Amino acid sequence: EKVVTDAPTFLIGGKAVVWSEPKVVAEHGDVTELAATGETDAFRFRGRGELWFDGFYKAEIEVEPKDGAAEIPSLDLVWTVPRAAARYLLTPDWAPWGADGNFNGRFGVDRNDTSVVWTTGPVCGFAWWCASDANWVTDGKRPNVAIRRTAESASVRVKIIAKPSVLKGVAKYVTGVQATPAKRPDPAWRDRWYWGIGGDWTTCNWSSYSGVKAGDNMKHVTSLVPAYPKEFDRFLQRKRKEGLDVLVYSMPTHLSDLDEEWDWYYDTWARLPGFRWGFKDEFTGKRARLMPCCPSTAAGDWHVARAERLFREHPLMKGLYYDISSCARCNNVLHGHGGIDAFGRPYGTSNALDLRDYFLRITKLCRKYDRWLHIHAHNLYMPFVHSFGDVCWPGEEQFHLYVNNPRYHYLEGIPAEKYESALNCEIRGMHIAFINQNARAKSEVPS
């Protein structure tokens, strides 16, 4: 199905960049590397691209003044999609169209809910994303994304440089597009149920949060290392006799101060600003810290190695459930994120490409060992990051609203168009299992 009418085009001062000398640099089977050059009257462009097996195309674009310095009146990225591929808008959660049927909004890596521009039909669509706000010159808090729909098409304009700015060096942009969905959801998951009446799979490791000693505990919440390996195998055997397959709970590349690597590597690996989690260490009774690290560092290698060892040594466990999998901003210059851009402004970097690489590696392990991959990112699903998984679990973001209307919230509180788009397994390309959290909600309902 055709989801792009006019391909994404850079405009400087309203004039299109003219590209030349496109070539294939290398073929790797799962990814093809490309390169091209381009120019306008005052600027040179250099571009490198990666076209991946799942339809994701990553581009690195460099803009350089021909005479050392030049004013950029404006820099826009524009493209057009068929009207049928713009029935819904995701950013990545559902974003309603305006009263006139169009959209004026913002894009930015500083907010998880404005981190992609994704138009889609009932199944197929087209998503665009940028890795950083480096070399963006925005006009205050005014909208920088405009989508205009007609009966035949929808035109998208992203304002990267919204007001005249003098560029004295090289401005680099890392961006990506993908035709969606990357794959079809597995229809077998329609007949699978999370633990409960008639359930056939469940998750473990929850006792690690409270410090209660149990056979399914990991050494800490996200370590992927069983605290009691023999008891863990007996736990898996009991659940298998009950007809339940077991997933081990974790968070992607989160490091605890209980890990030996903390003292050596945390400062370099850390995703900044971090989000601190706490839990009780069952062995000492003390509170422990848990902080996110960036998968682009050796923290990704460390976690992948632990996942494979868990698969290899405990064949009865069926897979992994990754919590806290949303894409986020990182400013840690110690591993190459964030810094000062060509206009002298500080910037941050999205970890979306790093999470993509991590989940791609984990997916290859799951296929090798016949395991499942379940991903929870609230309702901030990113197509080229999370689509490798078997199941996606949204719903927890509805928790507090559900408390206020426990009988009808999931019918009255969620718009029909959100169910049709952001909560549509065909659009996501993977099964969706909703987290209702009835018991948790009940605990907060006023007596």
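Note that this is a predicted model, so its numbers are computed, not measured. Side chains are part of it too, since the values below use all heavy atoms of this structure and drop only hydrogens, waters and symmetry mates.
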Centroid-centroid distance, [X] to [Y], less than 6.0 Å:
X: His376; Y: His374; result: no
X: Trp52; Y: Phe384; result: no
X: Tyr249; Y: Trp206; result: yes
X: Tyr321; Y: Tyr194; result: no
X: Phe126; Y: Trp128; result: no
X: Tyr358; Y: Tyr322; result: yes

Which heavy atom in [X] sits nearest to a heavy atom in [Y], and how many Å separate them?
X: Val123; Y: Arg184; value: CG1-NH1, 2.9 Å
X: Ile160; Y: Phe10; value: CD1-CE2, 3.9 Å
X: His431; Y: Pro185; value: N-CB, 3.9 Å
X: Ser387; Y: Ala182; value: OG-CB, 3.9 Å
X: Trp393; Y: Val391; value: NE1-CG1, 3.4 Å
X: Trp97; Y: Ala86; value: CZ2-O, 3.4 Å

Quiz question: by atom type and distance under 3.5 Å, do the side chains of His220 and Asp259 form a donor-acceptor pair?
yes
In terms of side-chain heavy atoms, does Trp129 have a donor or acceptor partner in Ser115 at a distance below 3.5 Å?
no
With distance as the sole test, does [X] use its side chain to make a donor-acceptor pair with the main-chain N or O of [Y] at under 3.5 Å?
X: Asn102; Y: Arg149; result: yes
X: Ser350; Y: Arg329; result: no
X: Asp30; Y: Phe53; result: no
X: Tyr347; Y: Gly338; result: yes
X: Thr253; Y: Cys293; result: yes
X: Arg428; Y: Tyr381; result: no
X: Asp200; Y: Trp193; result: yes
X: Arg148; Y: Phe103; result: yes
X: Arg306; Y: Ser223; result: yes
X: Asp341; Y: Ala134; result: no

Are [X] and [Y] close enough for a salt bridge, meaning some N to O gap below 4.0 Å?
X: Arg361; Y: Asp301; value: yes
X: Lys58; Y: Glu50; value: yes
X: Arg345; Y: Asp133; value: no
X: Arg367; Y: Asp390; value: yes

Do the rings of [X] and [Y] sit parallel, tilted or perpendicular, given the 30° and 60° boundaries?
X: His409; Y: Tyr402; result: tilted
X: Trp372; Y: Trp189; result: perpendicular
X: Trp277; Y: Phe275; result: tilted

Report the C-alpha distance between Glu152 and Arg83 in whole Å, list the side-chain angles of each, state the deciding distance to 0.1 Å, and finish with yes or no for side-chain contact (heavy atoms from CB on, under 4.5 Å).
CA-CA 5 Å; Glu152 293 78 28; Arg83 180 63 173 78; 5.5 Å; no
Atom [atom1] of [X] and atom [atom2] of [Y]: how far apart are they, to the nearest 0.5 Å?
X: Ile324; Y: Met251; atom1: CD1; atom2: CE; result: 5.0 Å
X: Gln398; Y: Leu423; atom1: CD; atom2: CG; result: 8.0 Å
X: Thr268; Y: Leu334; atom1: OG1; atom2: CG; result: 5.0 Å
X: Leu75; Y: Phe43; atom1: CG; atom2: CZ; result: 9.0 Å
X: Lys159; Y: Asp139; atom1: NZ; atom2: CG; result: 8.0 Å
X: Asp113; Y: Trp94; atom1: CG; atom2: CH2; result: 14.0 Å

Would you please test Arg356 and Asp54 for salt bridge (charged side-chain N to carboxylate O under 4.0 Å, His left out) and show each step?
CA-CA 12 Å; Arg356 170 186 166 83; Asp54 61 339; 2.8 Å; yes
Partner set under side-chain hydrogen bond (donor to acceptor under 3.5 Å, both in side chains) for Glu412, not counting sequence neighbours
Asn405
Side-chain contact, heavy-atom cut-off 4.5 Å: [X] with [Y]?
X: Asn332; Y: Cys294; value: no
X: Leu310; Y: Leu320; value: yes
X: His303; Y: Ser250; value: yes
X: Asp354; Y: His337; value: yes

Please determine whether side-chain contact (heavy atoms from CB on, under 4.5 Å) holds for the pair Leu353 and Val174, giving the CA-CA distance in whole Å, both sets of side-chain angles, and the decisive distance to 0.1 Å.
CA-CA 10 Å; Leu353 285 180; Val174 178; 4.1 Å; yes
